[in-house]
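Read the structure below first, then the notes.
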Amino acid sequence: MNRLLDRILRHFISSGRLHVAWPDGAQTVYEGSKPGPEAGMELLDSASARALALNPGLAFGEGYMNGGIRPKGCTLYQLLDLLMLNAMSPGHLPEQIAASFRYACRGWIQFNPVKRARQNVAHHYDLDSRLYDLFLDKDKQYSCAYFRRGDETLDEAQEAKKRHIASKLLLKPGMEVLDIGCGWGGMGLTLARDYGAIVTGITLSEEQLTIARQRARDEGLEGRVRFEMLDYRNLHRRFDRIVSVGMFEHVGVRHYGEFFDILKNSLVDDGVALVHSIGRNDGPGTTNPWINKYIFPGGYSPSLSEVFTAVEKSGLWVTDCEILRLHYAKTIAIWRERFAANRARAVALYDERFARMFEFYLDAAELSFRVQGHMNFQLQISPGIDAVPLTRDYMAEAEGPEVVPSVRTVLRA
C-alpha cells in the first residue's frame with residue numbers, strides 16, 4: 001500500500017514540496033512543478049498509509065487524531081496549508097472517486113428532518129460550554145466577525161459584525177424580530193438592548209438555550225427577549241424582521257426551498273430578513289467527510305447559485321448581497337491562537353484526542369477560507385420590492401463613521 005500512496009503523492013503534489021517519513025524509516029520528497037509551501041509528515045503505521053491512499057478526506061484527520069500521522073519539521077497548520085492547496089487540483093484518483101460518490105449521495109447526507117436536525121445540532125453545540133469560552137469572544141459569537149479596519153480585537157470585530165447586520169435590518173423600536181439559530185443569545189440580546197426590538201430566538205441546542213435564557217435574566221431583558229427550543233419549520237406567526245447567523249449551513253440543500261418559503265411566510269409584507277452564512281465560490285460541492293463525521297454532521301456550505309435558485313423560486317426579493325472574503329479567516333486565526341493558549345484546559349475537559357480533533361478542525365477551517373474558496377455571504381431579502389431604501393447609504397449611517405486609514409498608512413501598506 002505504500003507503493004500506491006507513493007504513486008498518488010507523485011501526482012497529487014503539484015505545488016510546493018512535501019517530505020514524507022514512512023513507517024519503515026524511508027524518506028521521500030515530493031516536489032511540484034509550481035512554487036508553494038513546504039511541509040513534512042510522518043506516517044507511524046501502515047494502517048495510516050493505507051487509509052490515506054484509499055480515503056484521504058477522512059483518513060488524514062483521523063490519523064492525526066489517533067496519533068498515526070503527525071507533522072514533521074512543521075506545524076499542523078503548515079502541513080494542512082500544503083495539502084489543502086494541492087487538493088484544489090485533481091491528482092488523487094481515489095479521492096476524486098469518493099468525492100463524486102459523496103456528491104451523488106449528498107441529498108441523503110444533508111437530509112435534515114426535524115429529529116435528525118436536532119441530533120446534528122447536539123453533536124457540536126451541546127458540547128460543554130466551557131470549551132467555547134476557551135476561544136470565543138466575551139459575547140460567545142460563534143460565527144464570522146467583521147473587520148472594518150483589519151486590526152480590531154476579536155471583541156471589537158464581533159461587536160462590529162452585530163452592528164453591520166443590525167444596519168441591514170432597518171430596525172425601529174418595538175419591531176418584532178425572529179432570530180433563527182440564536183446560539184448563546186448574543187445577537188438577540190443586542191437587538192433588544194441596543195435597538196429596542198422585541199426578540200424571539202429559536203435554537204435546537206439545549207446547552208445554548210440554557211445559557212441564552214440565563215443571560216436574558218441576568219440583563220433584565222426577559223420582557224423583551226424570549227428564547228425557545230424550536231425548529232424553524234414549526235413557526236406559525238409573522239415577524240417584522242428575521243435574522244439568521246451561522247445557521248443556514250445546517251439546513252441542507254434539499255431543504256433550501258422549504259427554508260426560504262418559511263421565511264417568506266414568516267415575514268410581514270414589508271418585512272426584511274438577513275441571512276449570514278458560509279458559502280463557496282466554485283459552484284456546488286460536498287462537505288469534507290471528516291468535517292461531516294466529527295464536527296458538523298449534515299452540514300454544508302452552499303454556492304451562491306444554489307442559494308439564489310431557492311430564493312428565486314420562493315418569490316422573495318434579494319435586496320442586497322455582500323460577500324465577506326477573508327473576514328472568517330481572520331476570525332478563526334484568532335480562535336486558533338486562543339485555543340492553542342488554552343489547549344491544556346481543553347484536554348482537561350475532554351482528552352488529548354479531542355484536543356487534536358478540535359485543533360485540526362480550526363486549522364482546516366481557516367485554510368478553507370484562505371486556499372479553498374470559502375467565504376461568507378450576507379443576503380438581505382424581503383417579500384416587497386420597496387421594503388428597503390434605493391441605496392446602501394442607510395447602512396453606513398446606522399453603523400456610524402467609517403474608519404478610514406490615512407493616505408500615508410495606505411501608501412506604506
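Sequence positions, counted from 1, serve as the residue numbers for this chain. Everything numeric here is computed off the predicted structure, so don't read it as measured data.
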With a cut-off of under 6.0 Å to the ring centre and 45° to the axis, is R10 in cation-pi contact with F12?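 No; the conditions do not both hold, so R10 does not lie above the ring face of F12.
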
Looking at [X] and [Y], would you say the former's side chain and the latter's main chain have a donor-acceptor pair under 3.5 Å?
{"X": "R345", "Y": "L134", "answer": "no"}
{"X": "Q158", "Y": "Q141", "answer": "yes"}
{"X": "E156", "Y": "T153", "answer": "yes"}
{"X": "N112", "Y": "G298", "answer": "yes"}
{"X": "H327", "Y": "C144", "answer": "no"}
{"X": "K330", "Y": "G150", "answer": "yes"}
{"X": "E159", "Y": "A157", "answer": "no"}

[X]: what forms a side-chain hydrogen bond (donor to acceptor under 3.5 Å, both in side chains) with it, not counting sequence neighbours?
{"X": "S368", "value": "none"}
{"X": "R338", "value": "none"}
{"X": "Q78", "value": "T75"}

Any residue meeting salt bridge (Lys or Arg N to Asp or Glu O under 4.0 Å) with D137, in chain and number order, not counting sequence neighbours: none

Go through the structure and list residues passing salt bridge (Lys or Arg N to Asp or Glu O under 4.0 Å) with E322, not counting sequence neighbours. K168

Between [X] and [Y], is any side-chain donor less than 3.5 angstrom from a side-chain acceptor?
{"X": "R116", "Y": "Q119", "answer": "no"}
{"X": "S305", "Y": "S303", "answer": "yes"}
{"X": "E359", "Y": "Y64", "answer": "yes"}
{"X": "T319", "Y": "Q380", "answer": "yes"}

Might you point out which heavy atoms bring [X] and [Y] nearest each other, and give the distance in Å?
{"X": "L52", "Y": "L43", "answer": "CD1-CD2, 3.7 Å"}
{"X": "T287", "Y": "Y300", "answer": "OG1-CA, 3.3 Å"}
{"X": "L131", "Y": "A346", "answer": "CD1-CB, 4.4 Å"}
{"X": "D320", "Y": "R392", "answer": "OD1-NE, 2.5 Å"}
{"X": "D240", "Y": "L267", "answer": "O-CD2, 4.0 Å"}
{"X": "I13", "Y": "Y30", "answer": "CG2-O, 3.7 Å"}

State plainly whether the residues [X] and [Y] are in salt-bridge range, i.e. N to O under 4.0 Å.
{"X": "K162", "Y": "D139", "value": "yes"}
{"X": "E228", "Y": "R226", "value": "yes"}
{"X": "R163", "Y": "E399", "value": "no"}
{"X": "D126", "Y": "R118", "value": "yes"}
{"X": "D351", "Y": "R353", "value": "no"}
{"X": "E152", "Y": "R148", "value": "no"}

To the nearest 0.5 Å, how far apart are [atom1] in [X] and [atom2] in [Y]?
{"X": "I332", "Y": "F339", "atom1": "CD1", "atom2": "CZ", "value": "13.5 Å"}
{"X": "I381", "Y": "S314", "atom1": "CD1", "atom2": "OG", "value": "7.0 Å"}
{"X": "N120", "Y": "N292", "atom1": "CG", "atom2": "CG", "value": "8.0 Å"}
{"X": "D133", "Y": "I211", "atom1": "CG", "atom2": "CD1", "value": "7.0 Å"}
{"X": "I334", "Y": "L362", "atom1": "CD1", "atom2": "CG", "value": "12.5 Å"}
{"X": "T203", "Y": "D179", "atom1": "OG1", "atom2": "CG", "value": "9.5 Å"}

[Y] ring center within less than 6.0 Å of [X] ring center:
{"X": "H250", "Y": "F296", "value": "yes"}
{"X": "F259", "Y": "Y232", "value": "yes"}
{"X": "Y256", "Y": "F248", "value": "yes"}
{"X": "H124", "Y": "Y361", "value": "yes"}
{"X": "W335", "Y": "Y142", "value": "yes"}

Please list, chain by chain and in numerical order, all residues satisfying side chain to side chain contact (heavy atoms under 4.5 Å, CB included) with P389, sequence neighbours excluded.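 P389 satisfies side chain to side chain contact (heavy atoms under 4.5 Å, CB included) with L170, Y394 only.
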
Results of side chain to side chain contact (heavy atoms under 4.5 Å, CB included) for E38 - residues two or more places apart only: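 Side chain to side chain contact (heavy atoms under 4.5 Å, CB included) check on E38 returns R17, H19.
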
Restricting to pairs with a member in residues 148-200, which pass ring-ring contact (aromatic ring centres under 6.0 Å, His included), not counting sequence neighbours?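 Qualifying pairs, neighbours excluded: Y132-W184, Y146-H164.
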
Does any pair with a residue in [range] pass salt bridge (Lys or Arg N to Asp or Glu O under 4.0 Å), and if so which ones, sequence neighbours excluded?
{"range": "residues 190-201", "answer": "R193-E219"}
{"range": "residues 277-305", "answer": "E62-K293"}
{"range": "residues 361-384", "answer": "R336-D363, R336-E366, E366-R370"}

Answer yes or no: does atom CZ of R325 have more than 12 heavy-atom neighbours from other residues, nucleotides or ligands under 6.0 Å? no

Flag if over 12 foreign heavy atoms under 6.0 Å of CD, E337: no

Please state whether the rings of F135 and F358 are parallel, tilted or perpendicular, taking 30° and 60° as the class boundaries. tilted

I would like to know whether F377 and V307 meet side chain to side chain contact (heavy atoms under 4.5 Å, CB included); could you show each step before the answer? CA-CA 10 Å; F377 63 84; V307 178; 3.9 Å; yes

List the atom pairs, with distances to 0.1 Å, where a side-chain N or O of residues 268-277 and a protein N or O form a donor-acceptor pair under 3.5 Å, not counting sequence neighbours.
from	atom 1	to	atom 2	distance (Å)
D269	OD1	R238	NH2	2.9
H276	ND1	Q378	NE2	3.0
H276	NE2	N376	ND2	3.2

What do the steps show when you test M65 against W290 for side chain to side chain contact (heavy atoms under 4.5 Å, CB included), and what is the final call? CA-CA 11 Å; M65 289 167 58; W290 185 87; 3.3 Å; yes

Please walk me through it: do D261 and K313 pass salt bridge (charged side-chain N to carboxylate O under 4.0 Å, His left out)? CA-CA 9 Å; D261 284 345; K313 291 179 179 179; over 6 Å; no

Test side chain to side chain contact (heavy atoms under 4.5 Å, CB included) applied to R237 and F239, step by step: CA-CA 7 Å; R237 53 172 297 206; F239 297 84; 3.7 Å; yes

